[in-house]
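Below is one structure, written out as structure tokens; the observations come after it.
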Number of protein chains: 2
Amino acid sequence: MLAYGGGVGDVFKALADPTRRAILDELQERSGQTLFELISRLVSRHGLTSSRQAVSQHLEVLEAAGLVRTRREGRYKFHELDTAPLRAITDRWRL
Amino acid sequence: MLAYGGGVGDVFKALADPTRRAILDELQERSGQTLFELISRLVSRHGLTSSRQAVSQHLEVLEAAGLVRTRREGRYKFHELDTAPLRAITDRWRL
DNA sequence: TTGTCATGCAAGCAGATGCTTGCCTATGGT
DNA sequence: ACCATAGGCAAGCATCTGCTTGCATGACAA
């Protein structure tokens, strides 16, 4: 079975939230960030003030949609963007 | 002011619903459908059973997002797909 | 005019969603 | 061992969302 369990709709639902889109923006600009790194940069660069749990739950959604991949090292968990599922959009309506 | 009033997020929110995505699929395949035409084809071609009001409200959302353009003729209202707002997605994450 | 057809408007409701709160686990430093 | 750090789990809550229900409007036909 695959690394992510979501259907096609999960990608669209994941993109529906502005904080999650900002997270994708951030991960595109700087790949491999940890949770706390992301929180800090969301504040300083996007003007967002989200709690740790809020961001953590957003990352779960993004990971379930296959838009974020993670790798664990010790007590750190690094996140990186994966734009592959976004092809579902461009392919569907021939962009 | 522009023809549609929505911000960027409205496009993503509009795409978050599976019925709305099916409507976009339908309008891409056959442009200029009326509300009842859409309902009928959503049933026969997508296996969806949505009420008139449900589809009507979905069309409002899609129109507000700029994804659907309408034209009125007498008592008929024709709908057509506009994929231009989808560029917001491809541009944002360089697809 | 009377009736029908295509669509619009608005209130109400159940389920989904994003967030908080509080506690828990685990890793690494001293 | 002790403590701080990085992250996880789960219940509760306010809001949002999609849908229904019921009535209203406007266009065309007989």
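Per chain, numbering begins at 1; letters A, B, ... match sequence-line order. No hydrogens, no waters, no symmetry mates; every other heavy atom, side chains included, goes into these values.
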(message) Please report the distance, rounded to the nearest Å, between CD in B:Glu73 and P in D:dA27.
(response) 14 Å
(message) Below the 4.0 Å mark, does C:dC19 have OP1 or OP2 next to a side-chain nitrogen or oxygen of A:Ser51?
(response) no
(request) Starting from the 5' end of DNA chain D, give me the residue, A:Arg75 or A:Glu60, whose nearest nucleotide shows up first. (result) A:Arg75
(message) Taking the basic N atoms (NZ, or NE/NH1/NH2) and the acidic carboxylate oxygens, is any pair closer than 4.0 Å for A:Arg69 and A:Glu80?
(response) no
(request) Please report, rounded to the nearest Å, how far the P atom of D:dC19 is from the CG atom of B:Leu59. (result) 12 Å
(request) Could you state the atom-to-atom distance from CG of A:Leu35 to P of C:dA26 in whole Å? (result) 18 Å
(message) Using whole Å, what does the distance between atom P of nucleotide D:dT5 and atom CG of A:Leu38 come to?
(response) 19 Å
(request) Compare side-chain N and O positions of B:His58 against OP1 and OP2 of D:dT17 and report whether any pair is under 4.0 Å apart. (result) no
(message) If you assign B:Gln57 and B:Phe36 each to the DNA chain C nucleotide with the nearest heavy atom, which residue ends up on the more 5' nucleotide?
(response) B:Phe36
(request) For A:Asp91 and A:Ala88, indicate whether the former's side chain and the latter's backbone hold a donor-acceptor pair under 3.5 Å. (result) no
(request) Find the distance A:Glu63:CD to D:dG8:P and express it as a whole number of Å. (result) 9 Å
(request) Write down the distance between CD (B:Gln33) and P (C:dA6), rounded to a whole number of angstrom. (result) 14 Å
(request) Could you tell me whether the side chain of A:Arg72 has a donor or acceptor atom within less than 3.5 Å of a complementary atom in the base of D:dG7? (result) no
(message) At less than 4.0 Å, is any side-chain N or O atom of A:Ser56 found next to OP1 or OP2 of D:dG7? Yes or no.
(response) no
(message) Suppose we call a contact any N or O donor and acceptor under 3.5 Å apart; does that hold for the side chain of B:Gln53 and the base of C:dT7?
(response) no
(message) Donor-acceptor pair, distance only, cut-off 3.5 Å: does the side chain of A:Arg30 make one with the backbone of A:Leu38?
(response) no
(message) Mind checking if B:Thr34 touches a base, just sugar-phosphate, or nothing, with heavy atoms under 4.0 Å?
(response) sugar-phosphate
(request) Return yes if some donor-acceptor pair links the side-chain N/O of B:Glu60 with the main-chain N/O of B:Gln57 below 3.5 Å, else return no. (result) no
(message) In this structure, how many angstroms lie between the C1' atom of D:dG18 and the CG atom of B:Leu15, rounded?
(response) 16 Å
(request) Please determine, for the side chain of A:Asp17, which listed nucleotide (C:dT7, D:dG7, C:dG18) has the closest atom? (result) C:dG18
(message) Would the distance check show the side chain of B:Ser44 and the main-chain N or O of B:Ser40 forming a donor-acceptor pair, the cut-off being under 3.5 Å?
(response) yes
(message) In this structure, how many angstroms lie between the C1' atom of D:dG26 and the OH atom of B:Tyr76, rounded?
(response) 13 Å
(request) Compare side-chain N and O positions of A:Lys13 against OP1 and OP2 of C:dT17 and report whether any pair is under 4.0 Å apart. (result) yes
